[in-house]
Amino acid sequence: MSIDQPTDGFETRALHAGQDPEPITGAVIPPIFQTSTFAQPRVGEHLGYEYARTGNPTRTALQVCVAALEGAQHGIAFASGMAAIDALLRRLGPGDHIYLGDDAYGGTYRLISNVFGGHGVAHSAVDLTKPETMAENWNPATKLVWIETPTNPLLTVVDIAAIADITHSFGAKLVVDNTFASPYLQTPLALGADAVVHSSTKYLGGHSDTIGGFVAINDEDWAADLRYLQNAVGAVPGPFDCFLTLRGVKTLGVRMDRHNENATRIVELLLGHHAVTHVLYPGLPGHPGHEIAKEQMSGFGGMVSFRLRGGIDVAMKVAAETRLFTLAESLGGVESLIEHPGVMTHASVAGSALEVPADLIRLSVGLESADDLVADLRDVLDRVG
Ligand SMILES: Cc1ncc(COP(=O)(O)O)c(C=O)c1O
């Protein structure tokens, strides 16, 4: 009998779903099946696995576990978040249209506009904090609506359930990029989304040591298409990457609790500092999406963005001069990172509708001692302020 049950709590599923002891040796942790192929007892018969692009037991363990965390029937792992996003977007063909939020992750926008756009897929980047405007101007060629909440890097929050209702009333499907919240803080399928996508490089993996992507989904037909694409295109994660991601997932709950706490301490510092003009964090009562975030999230996460008095020069200095916050792209790891989205992660949207302010800094608040993080950031803000 499997040791995981769908009714188990989040942390129990994180530790046990898909992770029964390995039957031959009793290994408690799903082994890294570092093999490209699997011996078959007879022609046309196999023991569940044939070739490691098609399937690998370490990947299966990860897929079962993260699907269980998102409350999904199906989980499909990919080599990166972008590969997972690409697989979902392949639902679209020439003449189809997609809506996405006007501050979506720059890489998602680039893939939709430059790659799928080149194959005849049209898109509109709209303000999804006002979904009724999208409904009033609905483009009948729309097959997908794509949302992130909270967004990268402006931390905009949109109402998943309301957008799901609108999307379904027009016969389209809703995808939610749940990378920033993680399933510990938000489960979009329960709010009406049709598919959830992750850059598992971020909070799921949690240790900045692997790249990965994930789709969690209940729709049987779409899941079958995605599994087909996983094998046919071959953008699959290797067994070691699956192992690392699964090891990260085991501590997702405790990590997210501490990310929430440390981010709250950083927000308190920023709110009181004269060098800072705006603090963007869904946990703030003054954040435009705060009430929705309280409804659909169980915590506000570890991502904090802020804007500085003095424009881009000051922002560049702050990003470069912290001691503990490492200047680097990516997010969601145990260590704190700082970046300038305009020049770094979101350079690909410069000049587009999705351009981000030049005085914006994004923090991924990690798990160091909160006092040290606050002191580090205060030091640099005092120097520029
Ligand atoms: C919200 C979001 N979605 C998707 C991606 C792409 O994921 P990956 O870098 O794993 O391909 C990122 C990467 O930063 C992201 O922040």
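In listed order, ligands and their atoms are each counted from 1. Below, each value reflects all heavy atoms present in this structure, side chains not excepted, and no hydrogens, waters or symmetry copies.
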**Study point:** Atom indices of ligand 1 within 4.0 angstrom of Gly212 heavy atoms, with elements
**Key:** 10 (O)

Point to revise | Atom indices of ligand 1, in the order listed, that fall short of 4.0 Å to a heavy atom of Ile85 | key: 4 (C)

Exercise for review: Using distance alone, decide if ligand 1 has a nitrogen or oxygen within less than 3.5 Å of any nitrogen or oxygen in Gly81.
Suggested key: yes

Exercise for review: Return yes or no for this condition: an N or O of Met82 is under 3.5 Å from an N or O of ligand 1.
Suggested key: yes

Looking at [atom], what's its closest protein heavy atom, distance included?
atom	value
atom 13 (C) of ligand 1	Lys202 NZ, 2.6 Å
atom 5 (C) of ligand 1	Tyr105 CE2, 3.5 Å
atom 16 (O) of ligand 1	Asn152 ND2, 2.9 Å
atom 2 (C) of ligand 1	Asp177 OD2, 3.5 Å

Point to revise | Aromatic ring pairing His97/Tyr99, orientation class (parallel under 30°, perpendicular over 60°, tilted between) | key: perpendicular

Review point. Any idea how Phe170 and Trp138 line up, ring-wise: parallel (<30°), tilted (30 to 60°), or perpendicular (>60°)?
Key: parallel

Revision key, fill the gap. Partner of Leu244 under side chain to side chain contact (heavy atoms under 4.5 Å, CB included), picked from Thr58, Thr210, Ile211, is Thr210

Practice item. Check the pair Phe300, His290 against ring-ring contact (aromatic ring centres under 6.0 Å, His included), reporting the backbone distance first and the verdict last. Key: CA-CA 9 Å; Phe300 304 108; His290 180 64; 5.5 Å; yes

Check your understanding: Considering residues, nucleotides and ligands other than Glu261, do more than 12 of their heavy atoms fall under 6.0 Å from its CD?
Key -> yes

Check your understanding: Is there a donor-acceptor pair under 3.5 Å between the side chain of His207 and the backbone N or O of Asp209?
Key -> no

